[in-house]
Amino acid sequence: MAPDDLRIGELPTLRRPVMITAFRGWNDGGQAATVAAGYLVQQWDATRFADVDPEAFMDFQAVRPTVALDEGLTRRIEWPENAFYHAAIPGADRDALILLGVEPNYRWRAFTELVIGLARDVGVELVVTLGALLADVPHTRPAPVTGAATDPQLVEELGLQLSRYEGPTGIVGVLHDACRAAGLRSVSLWSAVPHYVSLAPSPRAAKALCTRLADLLGTPIDMTELDEAEADYASQVSEAVASDPDTQAYVEELEQRADTIESFAEGGELPSGESLAAELTRFLREREHGRKDDPPDEQS
């Protein structure tokens, strides 16, 4: 790793910091993870203090830089970036280190070593990754969120699930493996985004991630702006869905399934794995067109 791959302005002094990460790309269905992290940067008035040189980790043909105009006159190139911010967490006796950026194309092990090195330098105690996946969930219901970890003690302490995922992974999975190797505790939060509206940013799923993060940190997060964006999102998607009878019927079936699972949970019991598998099989068989390019249900 070149010494200038990580460009630091001034290393901050932080109180019991928690690192929160989100990467645009494979791990970010409906941009929910990066919307959530960007919202935290804004809401907590975070200060940018470092970034990663994109030249070393990005394929600019896959993730292209963009051209912007300053005051309508001067052309400026904006490069894809991974930037670090720090902020005091309102109502908590600890600070946040936020990594917001793009999944790198190259040198993942070097990239995660860089991230872990910075985490050690500022004394990070816990890493929380935010992710979002495309799933068979309706846009009219709260976005489900899964919290997972590989450390059984952390699972019990924070009320998480033990991660048992096997299969292809993204930079999130590689980062968690690097945390494990470094002896750094880490948690993975994943929200589900309706696959039929995957191209639109999902403030609903972003809000769900922030809500679960607030529970994990033990401090509230002001959701006012996300509440407003969520209402607009639900209204616009419902209007679009209503214009197509097939999609409308499919969404109604997803709503029925979601309500059934919720009613079982409220009653203290859940449907069996076999019944859920049978129901999912029926849904898949009834669907005329399958999706071949969705990311897998990773909860690494």
Side-chain angles (χ1 to χ4, degrees), residues 1-28 31-58 63 65-66 77-90 92 94-132 170-179 181-189 206 209-210 213 216-217 219 221:
M1 180 168 51
D4 56 352
D5 283 348
L6 178 61
R7 304 177 294 201
I8 302 176
E10 182 178 351
L11 199 65
T13 300
L14 304 178
R15 304 168 302 158
R16 301 177 51 237
V18 54
M19 175 183 280
I20 302 165
T21 74
F23 300 94
R24 194 171 74 245
W26 196 85
N27 312 274
D28 194 24
Q31 301 174 39
T34 48
V35 168
Y39 183 76
L40 295 176
V41 168
Q42 176 188 3
Q43 191 66 33
W44 291 345
D45 194 23
T47 300
R48 176 170 170 160
F49 72 96
D51 71 303
V52 179
D53 183 359
E55 193 78 24
F57 301 98
M58 295 294 177
V63 185
T66 58
I77 299 294
E78 294 182 344
W79 299 93
E81 64 180 11
N82 283 281
F84 294 88
Y85 303 80
H86 70 87
I89 302 176
R94 66 190 316 172
D95 296 325
L97 172 64
I98 302 173
L99 168 54
L100 176 58
V102 184
E103 182 177 66
N105 302 105
Y106 307 122
R107 303 173 64 218
W108 283 14
R109 285 178 293 184
F111 181 86
T112 53
E113 287 174 7
L114 181 153
V115 174
I116 295 298
L118 180 58
R120 282 175 162 168
D121 288 344
V122 298
V124 165
E125 296 183 353
L126 176 68
V127 175
V128 181
T129 63
L130 305 181
I171 191 63
V172 166
V174 175
L175 180 57
H176 277 283
D177 186 67
C179 288
L184 185 58
R185 303 199 307 170
S186 63
V187 173
S188 179
L189 300 182
L209 285 171
C210 288
L213 178 65
L216 191 150
L217 297 176
T219 187
I221 297 174

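Keep in mind that what you see is a predicted model, and the values were worked out from it rather than measured.
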Give the minimum heavy-atom separation between [X] and [Y], together with the two atoms involved.
X	Y	result
Ile221	Cys210	CD1-O, 3.5 Å
Gly170	Trp26	N-CZ3, 3.7 Å
Pro65	Ile77	CB-CG2, 3.9 Å
Ala22	Ala33	CB-O, 3.4 Å
Ala36	Leu130	CB-CD1, 4.1 Å
Ala132	Ala32	CB-CB, 3.7 Å

Checklist entry - Atom CZ of Arg107 and atom CG of Asp5: how far apart are they, to the nearest 0.5 Å? => result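 Separation between the atoms: 5.0 Å.
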Next on the checklist: Let me confirm one number: the CG-CG distance from Leu6 to Asp51, rounded to the nearest 0.5 Å.
Outcome noted: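 Going from CG on Leu6 over to CG on Asp51, the span is 8.0 Å.
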Hey, is the main chain of [Y] close enough, under 3.5 Å, to the side chain of [X] for a donor-acceptor pair?
X	Y	result
Asn82	Val102	yes
Arg185	Val127	no
Thr34	Asp28	no

Next on the checklist: Evaluate Leu126 against Leu216 for side chain to side chain contact (heavy atoms under 4.5 Å, CB included), listing each step before the verdict.
Outcome noted: CA-CA 11 Å; Leu126 176 68; Leu216 191 150; 3.8 Å; yes
Item to check | Phe57-Phe111 aromatic ring centre distance below 6.0 Å | outcome: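 Centroid distance Phe57-Phe111: below 6.0 Å, so yes.
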Item to check | Glu113/Ile116 under side chain to side chain contact (heavy atoms under 4.5 Å, CB included): CA gap, chis, key distance, verdict | outcome: CA-CA 5 Å; Glu113 287 174 7; Ile116 295 298; 5.8 Å; no
Counting C-beta onward and ignoring hydrogens, is there a side-chain heavy-atom pair between [X] and [Y] closer than 4.5 Å?
X	Y	result
Asn105	Val63	yes
Phe84	Val115	yes
Thr21	Met19	yes
Val18	Val124	no
His176	Ile171	no
Arg15	Ile89	no
Trp108	Glu103	yes
Leu11	Leu118	yes

Item to check | Criterion side chain to side chain contact (heavy atoms under 4.5 Å, CB included) on Ile20 and Leu99, from CA distance to verdict | outcome: CA-CA 6 Å; Ile20 302 165; Leu99 168 54; over 6 Å; no
Item to check | Chi angles and distances behind the side chain to side chain contact (heavy atoms under 4.5 Å, CB included) call for Phe23, Leu100 | outcome: CA-CA 6 Å; Phe23 300 94; Leu100 176 58; over 6 Å; no
Item to check | Results of side chain to side chain contact (heavy atoms under 4.5 Å, CB included) for Asp53 - residues two or more places apart only | outcome: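 Residues passing side chain to side chain contact (heavy atoms under 4.5 Å, CB included) with Asp53: Arg7, Glu55.
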Item to check | Lys/Arg-Asp/Glu bridge criterion (N-O < 4.0 Å) met for Glu81, Arg24 | outcome: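 A salt bridge is absent here (no side-chain N lies under 4.0 Å from a carboxylate O).
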Item to check | Steps toward salt bridge (Lys or Arg N to Asp or Glu O under 4.0 Å) verdict (Arg109, Asp177) | outcome: CA-CA 10 Å; Arg109 285 178 293 184; Asp177 186 67; over 6 Å; no
Next on the checklist: Just checking Arg48: does its CZ atom have more than 12 heavy atoms from other residues, nucleotides or ligands closer to it than 6.0 angstrom?
Outcome noted: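 Counting neighbours around CZ of Arg48, more than 12 heavy atoms of other residues, nucleotides or ligands fall under 6.0 Å, so yes.
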Checklist entry - If you draw a 6.0 Å radius around CD in Glu10, do more than 12 non-hydrogen atoms from other residues or ligands fall strictly inside? => result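 It does not: Glu10 CD has 12 such atoms or fewer within range.
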Item to check | Residue pair Thr47 / His86, side-chain donor-acceptor N/O under 3.5 Å | outcome: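 Note: Thr47 and His86 side chains miss the donor-acceptor criterion.
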